[in-house]
Asks: 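Submitted below is the structure of interest, expressed as structure tokens.
Read the numbers this way: they start at 1 and go in the same order the structure lists the ligands and their atoms. Predicted, not measured: the structure shown is a model, and the values here were computed from it.
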Amino acid sequence: MPPPCQIGWYGLGSMGLAMATNLQNHLKSKMGLNLVYSNRTISRGAPLEAIGAVPEPSFEKLVQRCSIVFTMVSNDAVLDSLVSTAMGSGESLKDKIFVDCSTVHPNTVATAAARFKEKEASFLSAPVFGASPIAAAGKLVFAIGGPRAARETVKPFIQDVMGRYIIDCGEDVKKSSLLKIAGNIVTVSMMEIVGESQVFAERTGLGTGVMEELITEAFGPVPGSYSKRLTTGIYAPPLDSRPGFRVSLSIKDADHALAIAKESNVELPGLEVARNNMVAAREYAGECLDSSSMYGVLRRKAGMAFWNEKSRQGGS
Ligand SMILES: NC(=O)c1ccc[n+]([C@@H]2O[C@H](COP(=O)([O-])OP(=O)(O)OC[C@H]3O[C@@H](n4cnc5c(N)ncnc54)[C@H](OP(=O)(O)O)[C@@H]3O)[C@@H](O)[C@H]2O)c1
């Protein structure tokens, strides 16, 4: 068995790198431990290694070395393949705890939990609310579901380390995943509304500056930050950058919500509009887009260019 508190991390994207950095800083300063990390592109971990974390290119070996393993990856297929790798290692997984923070379908987490249970390991679904700057600040909101003992074991590594608040969803691992997907109905729809209002402000001559001031002061910092993604051009960043929240991930989130809504006979017309505008943005401008890129499509519908002056093809 590895030492009781060896902690591992897989997934160093926009969110994962920021979260793992906060965890490493905590482990090092409070417990004298260093995080063991892995990622498909292992070089993404250079800033983590610089603060003492230990690279482990093989996920299988990382699982062997650690008693608690966090994962933060793009989608359901990537999580499934990590679970298969962990299961196929041939090593005992007894008493290990796997904590997935990605946004995935409740059925995906239920399958993962059942597979780990067969090996006497625990699986928690712990998706997060908040964008990458919130992750960097350690202020995410977590939802957590799964076996109680495992939940209590990992909470101290989350609360005031990577997150400011934990919503405990109890034993049912599907519930935290479902809550995340429900939250994304709000997130994606709000992004659409902020985009629509900013196109309205620009076309009527009101101006995006005062509109952003109003959105921030009257409606709050979250929609205010969504407005900034538009006015600073982050909705369509340079091709050599990693978008804050990749449009394809947001489309995945919307699709999960729409599929679950259909099964429950619920209509989500606002979300459908936002989803279709994100798909149209991706068709027009490719993969390197933020979830807010429906704004470019709304601009085109109003007779303007997809690009505003701060975006990657400023003004063209
Ligand atoms: N960004 C946000 O604002 C936000 C907020 C809340 C929740 N989320 C959710 O959090 C999760 C991560 O989001 P993110 O923005 O950090 O995504 P991201 O920047 O695209 O990073 C995705 C991570 O998954 C890895 N990955 C992708 N495809 C893989 C494959 N085929 N095999 C192995 N690894 C693979 C990537 O490795 P490489 O580094 O090698 O590409 C990277 O570590 C997603 O489920 C997303 O929906 C995102």
Asks: Which residue supplies the protein heavy atom nearest to atom 10 (O) of ligand 1, what is that atom called, and how far is it?
Replies: Met72 CE, 3.0 Å
Asks: Starting at CD of Glu192, measure out to OG1 of Thr187 and round the result to the nearest 0.5 Å.
Replies: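 One gets 13.5 Å once the value is rounded to the nearest 0.5 Å.
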Asks: Is any N or O atom of Lys252, backbone or side chain, closer than 3.5 Å to an N or O atom of ligand 1?
Replies: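 Min N/O separation from ligand 1 is below 3.5 Å for Lys252.
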Asks: To which of Asp100, Val73, Ile134 does the heavy atom nearest atom 11 (C) of ligand 1 belong?
Replies: Val73
Asks: At what distance is the nearest protein heavy atom to atom 26 (N) of ligand 1, and which residue and atom is it?
Replies: Ser74 OG, 3.6 Å
Asks: Quick one: does any side-chain atom of Asn22 pair with a main-chain N or O of Ala135 as donor and acceptor, under 3.5 Å?
Replies: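 At least one qualifying donor-acceptor pair exists.
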Asks: If we set the cut-off at 4.0 Å for heavy atoms, which region of Tyr10 has an atom near ligand 1: side chain, backbone, both, or neither?
Replies: side chain
Asks: Which atoms of ligand 1 sit under 4.0 Å from any heavy atom of Gly11?
Replies: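 Those qualifying, in numeric order: 43 (O).
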Asks: Determine whether a donor-acceptor pair (N or O, by modelled atom type, separation under 3.5 Å) exists between the side chain of Lys96 and the backbone of Val69.
Replies: no
Asks: Do me a favour and list the nearest non-hydrogen protein atom to atom 42 (C) of ligand 1 with residue, atom name and distance?
Replies: Gly13 N, 3.7 Å
Asks: Against heavy atoms of Gly130, which atoms of ligand 1 measure under 4.0 Å?
Replies: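 Taking each heavy atom of Gly130 in turn, ligand 1 has 5 (C), 6 (C) under 4.0 Å.
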Asks: Between Asp76 (side chain) and His105 (backbone), is there a donor-acceptor pair under 3.5 Å?
Replies: yes
Asks: Give the atoms of ligand 1, by number and element, whose distance to some non-hydrogen atom of Leu12 is under 4.0 Å.
Replies: 43 (O)
Asks: Please work out whether any backbone atom (N, CA, C, O) or any side-chain heavy atom from C-beta onward of Asn39 is under 4.0 Å from ligand 1, and answer side chain, backbone, both or neither.
Replies: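 For Asn39, the contact with ligand 1 is made by the side chain alone.
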Asks: Determine whether the side chain, the backbone, both or neither of Val78 has a heavy atom under 4.0 Å from any heavy atom of ligand 1.
Replies: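 Looking at Val78 and ligand 1, just side chain atoms fall under 4.0 Å.
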Asks: Report the nearest protein non-hydrogen atom to atom 19 (O) of ligand 1: residue, atom name, distance rounded to 0.1 Å.
Replies: Ser14 N, 2.8 Å
Asks: Does Ser125 form a side chain to side chain donor-acceptor pair (under 3.5 Å) with Asp100? I'd like the steps, not just the answer.
Replies: CA-CA 5 Å; Ser125 166; Asp100 181 58; 5.8 Å; no
Asks: Taking atom types as modelled, is there a side-chain donor on Arg115 or Ser84 under 3.5 Å from an acceptor on the other?
Replies: yes
Asks: Between the candidates Met15, Lys180, His256, which shows the shortest non-hydrogen contact distance to atom 2 (C) of ligand 1?
Replies: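 Minimum heavy-atom distance to atom 2 (C) of ligand 1 goes to Met15.
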Asks: CG of Leu214 to CE of Met211: how many Å apart, nearest 0.5 Å?
Replies: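 That separation rounds to 5.5 Å.
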Asks: Check whether any side-chain N or O of Tyr10 sits under 3.5 Å from a backbone N or O of Arg40 as a donor-acceptor pair, and report yes or no.
Replies: yes
Asks: Within the 4.0 Å heavy-atom shell around Ser102, which atoms of ligand 1 are there?
Replies: 45 (O)
Asks: Which one of Leu249, Val104, Ile251 has a non-hydrogen atom at the shortest distance from atom 17 (O) of ligand 1?
Replies: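 It is Leu249 whose heavy atom sits nearest to atom 17 (O) of ligand 1.
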Asks: May I ask you to decide if Glu309's main-chain N or O and Trp307's side chain share a donor-acceptor pair within less than 3.5 Å?
Replies: no
Asks: Cation-pi between Lys117 and Phe123: NZ/CZ under 6.0 Å from ring centre and within 45° of the ring axis?
Replies: no
Asks: So between Arg242, Arg40, Met19, whose heavy atom ends up nearest atom 31 (N) of ligand 1?
Replies: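 Ranked by closest heavy atom to atom 31 (N) of ligand 1, first place is Arg40.
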Asks: Have Glu212 and Thr231 got a donor and an acceptor in their side chains that come within less than 3.5 Å?
Replies: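 Checked: Glu212/Thr231 side chains pair up, N/O donor to acceptor below 3.5 Å.
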Asks: Atom CG of Asn277 and atom CD of Glu272: how far apart are they, to the nearest 0.5 Å?
Replies: 12.0 Å
Asks: What atoms of ligand 1 come closer than 4.0 angstrom to any heavy atom of Gly244?
Replies: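 Within the 4.0 Å cut-off of Gly244, ligand 1 contributes 1 (N), 2 (C), 3 (O), 15 (O).
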Asks: Polar contacts were defined as any N/O atom of the residue lying under 3.5 Å from an N/O atom of the ligand; does this apply to Thr41 and ligand 1?
Replies: yes
Asks: Please state which protein non-hydrogen atom is closest to atom 8 (N) of ligand 1 and give its distance, to 0.1 Å?
Replies: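 For atom 8 (N) of ligand 1, the nearest protein heavy atom comes out as Thr103 OG1, 4.0 Å.
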Asks: Identify the closest protein heavy atom to atom 20 (O) of ligand 1: which residue and atom is it, and at what distance?
Replies: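 For this ligand atom, the closest protein heavy atom is Arg246 NE, 3.0 Å.
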